[in-house]
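Okay, so here's the structure we're looking at.
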Amino acid sequence: MNTLAIVFLLFQLISVLQCSNVESVFSSSSKQLDGLLSEKEKVKALSDSWNRYSEGLSKIDKIRDMSVECALCGIVINEVAGFLIENRTISEIETLIQQDVCNHLGVIKTVCDLLVDALPLILSQLENQWSVSVVCVDLKLCTVPFNNQTDPRAVPTYTINLDLDPIDRWTQICSVPTFQQMGQYLYNVITTILPDTLGGDVEKIGQLLNDNYYPYELSQEIRSCANQMGVPYGWIALFNLGYEVSDACTSIVAQTMDGKIYHARNLDFWAGMGFTETLKDMTIQVDYQKGGKTVFTVTTFAGMVGTLSGIRPGAFSGTVDTRFYPGGVGELFYEVIAAIEERNASLVSFLLRDVLQNQNDYPSALENLSNDELIADVYYILAGVSAGQGAVISRNRTDAADVWILDAPTRWFEIETNYDHWEPAPWFDDRIDPANNAMNAIPRSELTLEKMFQVLTTKPVFNLQTTYTILSCPATGEYQSFTRYCPYPCVE
């Protein structure tokens with residue numbers, strides 16, 4: 001397997017590049033099964049599928065690792081949803097999952113094969129609008145998530161001293177036992193999914209990226225964390241790449257009657273509960289300080305040196321939303337690799353970190369986030385300190401396809417999920433309409449961050465994959481982060 005193929009496989013395994021809301025996809029998917037089989041044949045196919053699945057599950061029960069299986073289930077179900085969006089037939093989906101996922105796995109290939117065997121059963125139940133996690137719980141590959149969890153839960157806050165050498169900055173955070181355990185868990189899950197012969201090659205790719213492509217300052221911070229977590233730094237480098245292309249999100253920027261700008265977002269991680277629960281435990285709020293004073297604050301994961309959410313108090317705040325790529329995973333992958341090989345583009349999370357660290361005002365941030373070259377398409381949502389300073393920047397790799405500026409009172413709020421705002425919401429992932437309806441129900445004169453939080457608690461904007469929520473007001477410097485726990489099964 002060549003180097004590009006190895007990286008592509010890694011992307012498929014650690015991230016779900018298509019930001020699709022699986023719950024919506026499921027509502028019409030079983031019609032494919034109905035169209036192919038008579039009712040009697042359908043009942044028999046479902047019965048046979050469940051019997052084969054149950055028998056296979058019982059055979060491997062003694063060697064099962066529930067955490068690994070749960071992660072794999074989330075990956076496979078998301079892949080199935082993506083193929084349904086492309087109107088693939090059942091036989092095509094079986095072949096593609098087998099070829100693209102199962103055949104590349106190590107010791108848990110048997111579990112992947114079982115999921116392929118259960119495809120008729122899965123498709124028949126998708127009309128019930130199961131989420132990724134509900135599917136995997138019903139298949140007995142994941143446990144019911146978030147038992148006895150309080151929602152919301154404030155995120156722990158840490159400080160990183162920018163006056164220290166980069167190799168020393170993450171020592172305190174990444175030596176926290178919980179973060180060490182979670183980092184090692186992610187490493188063990190991914191390396192267990194991958195064949196033994198592949199894991200070492202993937203690690204080397206991470207090392208090469210860190211040593212030759214990532215900015216020196218950030219590459220040293222990655223080494224700093226890896227040293228404390230007990231995870232090879234090549235894998236921490238890859239996790240930094242994987243996180244930023246795997247999130248589905250909802251970001252809102254809004255202007256009050258007196259011209260104040262509010263900013264709020266949900267970050268959802270779409271690879272199923274095997275990863276989402278772990279990332280909740282790794283979510284932190286970090287004050288980056290210089291000379292003992294906070295320069296900027298971010299919400300991130302322990303070991304992620306870039307950021308997807310952050311504020312420079314008194315200046316601006318920014319969030320990153322993954323942009324749905326119409327060419328699919330394959331074309332997006334090759335664009336990413338081309339950008340890396342050209343050595344002239346930034347990771348999207350690295351650019352937001354750089355802007356927060358080095359730019360002093362909203363206009364400068366808007367300029368950089370609109371024009372600096374990136375490795376992948378993305379949305380940046382930006383909020384400033386004065387009336388009109390709110391924008392959704394729809395980015396291509398090289399420049400902005402569109403910059404959507406607040407225009408109160410006509411357009412006093414803007415919402416971005418993972419699709420271009422000038423296009424209608426896709427049928428398989430409509431979070432935008434519920435969010436718009438919830439915002440329109442708030443009189444502008446009564447707008448508060450607390451009410452924006454309630455908008456982000458509207459289902460399906462709030463879902464089982466929602467990892468954290470942030471609330472921000474750059475003018476006042478207010479910034480809050482919460483991990484989120486939607487009670488299972490998290491439906492209206």
Side-chain angles (χ1 to χ4, degrees), residues 16 20-27 29-30 46 49-50 53-54 56-58 60-81 108 111-112 114-115 117-119 121-153 155 178 181-182 185-186 188-189 192-193 246-248 266-283 301 431 456-469 482-492:
V16 181
S20 58
N21 183 339
V22 182
E23 297 181 15
S24 300
V25 176
F26 292 168
S27 61
S29 56
S30 64
L46 298 180
S49 177
W50 180 253
Y53 180 78
S54 298
L57 201 61
S58 66
I60 65 169
D61 196 56
K62 293 182 180 179
I63 59 170
R64 297 176 63 192
D65 183 339
M66 195 70 134
S67 60
V68 174
E69 292 173 2
C70 185
L72 176 62
C73 183
I75 292 167
V76 171
I77 300 301
N78 272 291
E79 288 296 302
V80 170
I108 62 166
V111 179
C112 190
L114 279 175
L115 286 167
D117 234 8
L119 190 58
L121 176 72
I122 293 169
L123 291 174
S124 74
Q125 296 298 327
L126 300 186
E127 64 185 353
N128 295 326
Q129 297 193 3
W130 287 1
S131 71
V132 175
S133 299
V134 175
V135 172
C136 294
V137 169
D138 267 41
L139 289 174
K140 302 181 180 179
L141 294 176
C142 293
T143 57
V144 173
F146 316 141
N147 286 327
N148 303 315
Q149 296 284 3
T150 300
D151 177 76
R153 180 177 296 176
V155 169
T178 297
Q181 293 166 11
M182 294 299 100
Y185 163 80
L186 286 176
N188 290 334
V189 167
T192 299
I193 290 175
S246 303
D247 65 298
N266 278 356
L267 183 138
D268 307 333
F269 192 80
W270 283 105
M273 297 319 304
F275 294 115
T276 307
E277 285 192 276
T278 302
L279 293 181
K280 292 176 195 288
D281 291 336
M282 298 182 76
T283 302
F301 306 114
R431 284 167 287 136
L456 292 175
T457 307
T458 303
K459 304 180 184 74
V461 179
F462 183 35
N463 54 74
L464 286 172
Q465 274 68 49
T466 301
T467 305
Y468 68 74
T469 297
F482 306 92
T483 47
R484 303 302 308 275
Y485 302 89
C486 188
Y488 183 87
C490 193
V491 293
E492 292 290 359

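With values rounded to the nearest 0.5 angstrom, T278 atom OG1 is found 4.0 Å from Y185 atom OH. Distance NZ/K280 to CZ/F482: 14.0 Å, rounded to 0.5 Å. Between atom CG of residue L186 and atom CD of residue Q181 there is a gap of 12.5 Å, rounded to the nearest 0.5 Å. To the nearest 0.5 angstrom, L115 atom CG is 6.0 Å from L72 atom CG. Here the CG-OG1 distance, from D281 to T276, works out to 11.5 Å after rounding to the nearest 0.5 Å. Rounded to the nearest 0.5 angstrom, Q465 CD and N266 CG are separated by 12.0 Å.
In terms of heavy atoms, Y485 sits closest to T150 at CD1-O, 3.4 Å. Across every non-hydrogen atom of D268 and V461, the tightest pair is OD2-O, 4.1 Å. The two residues N188 and T192 have their closest heavy-atom pair at O-OG1, 2.6 Å. Taking all atoms of both residues into account, the shortest heavy-atom contact from T283 to Y468 is CG2-CD2, 3.8 Å.
Contact annotation: the side chain of N463 never approaches that of C486 to less than 4.5 Å [non-hydrogen atoms, C-beta and beyond]. Side chains of Q149 and T483 form no contact here, defined as non-hydrogen atoms less than 4.5 Å apart.
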**Asked** How far apart are the C-alpha atoms of F301 and L267, what are their side-chain angles, what is the distance that settles it, and do they pass the side-chain contact (heavy atoms from CB on, under 4.5 Å) test?
**Response** CA-CA 12 Å; F301 306 114; L267 183 138; 4.1 Å; yes
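Across the pair C142 and C70, the gap between the SG atoms, which is the quantity tested here, stays under 2.5 Å.
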